[in-house]
Amino acid sequence: MPLVFACFTGALAAQENDNSPTYLALGDSVAFGLDITLLIPNQPPPPPSAFTGYPEIIAATEHLSPGQEINAACPGETSGSFIKSGVPDYGCNSNGPQGQPPFKTSIGLHTNYPGTQLDFAVSVLTSDTHVKLVTLGIGSNDVLLLIKNCNSAPNPSVCVYTHLFGVLQTYAANLNHILTTIRSTAHYNRDLVLVGTYSPTADLNLVAQALNAVTIAVGARFHMIYADGFGAFERAAAPYGGDVCRAGLLIRLDANTCDIHPSPKGRDLLASTVLTALSHGHH
């Protein structure tokens, strides 16, 4: 692994003794590093620092000091709630899928901020010109919210595929708005990596691929670098018949089942996928 990053490692480090942010991570629970096994019923929740997402692994690989990385990710964030308060999400600012209180106010984020994640991103990028890398992973919760809303339908899978195109259209418009804001409003013109969605189960492969196709198509207009999380997970799971749970890429809940979130192995794979994409983007 180290050879792949040789041409990039250290590029994010600011000048000596300069603790200015150089890396802004945006997104949902995957970037946040959510591990639901740390959320124990009837126990006080752990602090946000107990969770480690792929941005923290990237920051450590790049030898960033704590102040040089800002992780603004919020578990449950949708592309809509990323932009505007009050838009339905999957547990960031509203109750979670199992009725949990909003994550942002109950457990808290790695970085506390009022308002939307997009507003916060603009404030960072316009006030701090040291930022050299922005990563964004968003859209998965748009689909998870659709799946949740279809659970009560007579045929949930037909419901999902009937409404998926509309959800993807909305996601495309939201992602276009987000990237336009980052590039044109915040005038950020350095490295922007869009992190593709992996598929936690084989039955979601086509949905994940459709979501990623939109990400690539919209992102292409904004000089972005694409980190293929889907492909990375598929390759790592190939020796296990394509089963990302058996491959150890997801958090294990018991002997046979996994949560949808990355295990440390999966998280580290996403971090290396981002860094590899960056190194290729700089050739």
Margin query: I'd like to check the ring-ring contact (aromatic ring centres under 6.0 Å, His included) partners of Phe233; sequence neighbours left out, ordered by chain and number.
Written below: Tyr198
Check: Sequence neighbours excluded, which residues qualify as side chain to side chain donor-acceptor pair (under 3.5 Å) partners of Thr78?
Finding: Ser81
Notebook entry, point to check: For the residue pair Pro21 and His130, what are the closest heavy atoms and their distance?
Noted result: O-CB, 3.3 Å
Check: Between Arg267 (side chain) and Gly33 (backbone), is there a donor-acceptor pair under 3.5 Å?
Finding: no
Next item on the list: Report the distance from atom CG of Leu118 to atom CG of Leu136, rounding to the nearest 0.5 Å.
Entry: 9.5 Å
Next item on the list: Drop me the distance from Arg190's CZ to Arg183's CZ, to the nearest 0.5 angstrom.
Entry: 11.0 Å
Notebook entry, point to check: Do the side chains of Ile251 and Leu269 join up, straight or via other hydrophobic residues, at under 4.5 Å, putting them in one cluster?
Noted result: no
Margin query: Any heavy-atom pair between the side chains of Pro102 and Thr105 that's under 4.5 Å?
Written below: yes
Margin query: Would the distance check show the side chain of Tyr171 and the main-chain N or O of Ile138 forming a donor-acceptor pair, the cut-off being under 3.5 Å?
Written below: yes
Notebook entry, point to check: Given the rule that I, L, V, M, F, W and Y join up when any side-chain heavy atoms are under 4.5 Å apart, are Leu175 and Ile225 in one cluster?
Noted result: no
Checklist line | Listed partners of Asn155 passing side chain to side chain donor-acceptor pair (under 3.5 Å), at least two apart | finding: Ser157
Item checked: For Asn212, all residues meeting side chain to side chain contact (heavy atoms under 4.5 Å, CB included), sequence neighbours excluded -> Thr197, Tyr226, Phe230
Next item on the list: Decide yes or no for Pro46 and Leu39: does some side-chain heavy atom of the first lie under 4.5 Å from some side-chain heavy atom of the second?
Entry: yes
Checklist line | Minimal non-hydrogen separation, Ala237 against Ala247, with atom names | finding: CA-CB, 3.8 Å
Next item on the list: Check whether any side-chain N or O of His163 sits under 3.5 Å from a backbone N or O of Cys159 as a donor-acceptor pair, and report yes or no.
Entry: yes
Margin query: Give me the atom names and distance for the closest heavy-atom approach of Ala153 to Pro156.
Written below: O-CD, 3.5 Å
Notebook entry, point to check: How would you list, by chain and number, every residue that makes a side chain to side chain donor-acceptor pair (under 3.5 Å) with His261, sequence neighbours excluded?
Noted result: Ser29, Asp259
Check: Roughly how far, to the nearest 0.5 Å, is the NE2 atom of His187 from the OG1 atom of Thr181?
Finding: 11.0 Å
Note to self: Please tell me whether Ile178 and Ile70 are part of a single hydrophobic cluster in this structure, the criterion being side-chain heavy atoms less than 4.5 Å apart.
What the structure shows: yes
Notebook entry, point to check: Roughly how far, to the nearest 0.5 Å, is CG of Asp142 from CG of Leu144?
Noted result: 9.0 Å
Item checked: Sole residue of Thr135, Ile58, Val193 in side chain to side chain contact (heavy atoms under 4.5 Å, CB included) with Leu278 -> Val193
Next item on the list: Identify the heavy atoms of Gly219 and Leu179 that sit nearest to each other, and give their distance.
Entry: CA-CD1, 3.9 Å
Check: Which side-chain hydrogen bond (donor to acceptor under 3.5 Å, both in side chains) pairs, counting each pair once, include a residue from residues 31-44, with sequence neighbours left out?
Finding: Asp35-Thr37
Item checked: Ser79 side chain vs Gly139 backbone, donor-acceptor pair below 3.5 Å -> no
Note to self: Would the distance check show the side chain of Tyr188 and the main-chain N or O of Leu133 forming a donor-acceptor pair, the cut-off being under 3.5 Å?
What the structure shows: yes
Margin query: Would you say that Ser20 contacts Gln68 through its side chain, given a criterion of any heavy-atom pair below 4.5 Å between the two side chains?
Written below: no
Next item on the list: Just grab all the disulfide (SG to SG under 2.5 Å) pairs involving residues 30-121, residues at least two apart or on different chains.
Entry: Cys74-Cys92
Note to self: Quick check against the 3.5 Å criterion: does Asn141 have a side-chain atom that pairs as donor or acceptor with the backbone of Glu77?
What the structure shows: yes
Margin query: For Thr126, give me all partners under side chain to side chain contact (heavy atoms under 4.5 Å, CB included), at least two apart in sequence or on another chain.
Written below: Val122, Ala186
Next item on the list: Please name all residues satisfying side chain to side chain donor-acceptor pair (under 3.5 Å) with Asp254, sequence neighbours left out, ordered by chain then number.
Entry: Thr257
Check: For Val160 and Thr162, what are the C-alpha separation, side-chain angles and deciding distance, and is it a side-chain contact (heavy atoms from CB on, under 4.5 Å)?
Finding: CA-CA 5 Å; Val160 169; Thr162 301; over 6 Å; no
Notebook entry, point to check: Is the backbone N or O of Gly248 less than 3.5 Å from a side-chain atom of Ser263, with the two atoms forming a donor-acceptor pair by type?
Noted result: yes
Next item on the list: State, with a plain yes or no, whether a side-chain heavy atom of Val30 is found less than 4.5 Å away from one of Ser140.
Entry: no
Check: Is Leu146 reachable from Leu204 through a run of hydrophobic residues whose side-chain heavy atoms are each under 4.5 Å from the next?
Finding: yes
Checklist line | Gln117 side chain to Leu26 backbone, donor-acceptor under 3.5 Å | finding: no
Check: Which value, rounded to the nearest 0.5 Å, describes the distance between Ile260 atom CD1 and Leu250 atom CG?
Finding: 9.0 Å
Check: What heavy-atom pair brings Ala232 and Thr273 nearest, and what distance separates the two atoms?
Finding: CB-OG1, 3.3 Å
Notebook entry, point to check: Taking atom OH of Tyr161 and atom CG of Leu206, what is their separation to the nearest 0.5 Å?
Noted result: 5.0 Å
Margin query: For Pro114, is there any backbone N or O sitting under 3.5 Å from a side-chain donor or acceptor partner on Lys104?
Written below: no
Notebook entry, point to check: Relative to each other, are the rings of Phe120 and Tyr113 parallel, tilted or perpendicular (30° and 60° limits)?
Noted result: parallel
Notebook entry, point to check: Transitively linked via ILVMFWY side-chain contacts under 4.5 Å: Val158 with Ile147?
Noted result: no
Notebook entry, point to check: Judged by atom type as modelled, is there a donor-acceptor pair below 3.5 Å linking the side chain of Ser279 to the main-chain atoms of Thr276?
Noted result: yes
Margin query: Holding to side chain to side chain contact (heavy atoms under 4.5 Å, CB included), I want the full list of residues that pass it with Pro97, two or more places apart in sequence or in another chain.
Written below: Tyr90, Gln100, Lys148
Next item on the list: Any side-chain hydrogen bond (donor to acceptor under 3.5 Å, both in side chains) involving residues 49-59? Give me the pairs, sequence neighbours left out, ordered by first then second residue.
Entry: Glu56-Asn71
Notebook entry, point to check: Taking all non-hydrogen atoms of both residues, which atom of Thr116 and which atom of Ile83 are closest, and how far apart?
Noted result: CG2-O, 3.4 Å
Note to self: Could you work out, with side chain to side chain contact (heavy atoms under 4.5 Å, CB included) as the rule, every residue matching Thr180, not counting sequence neighbours?
What the structure shows: Asn176, Ser184, Phe222
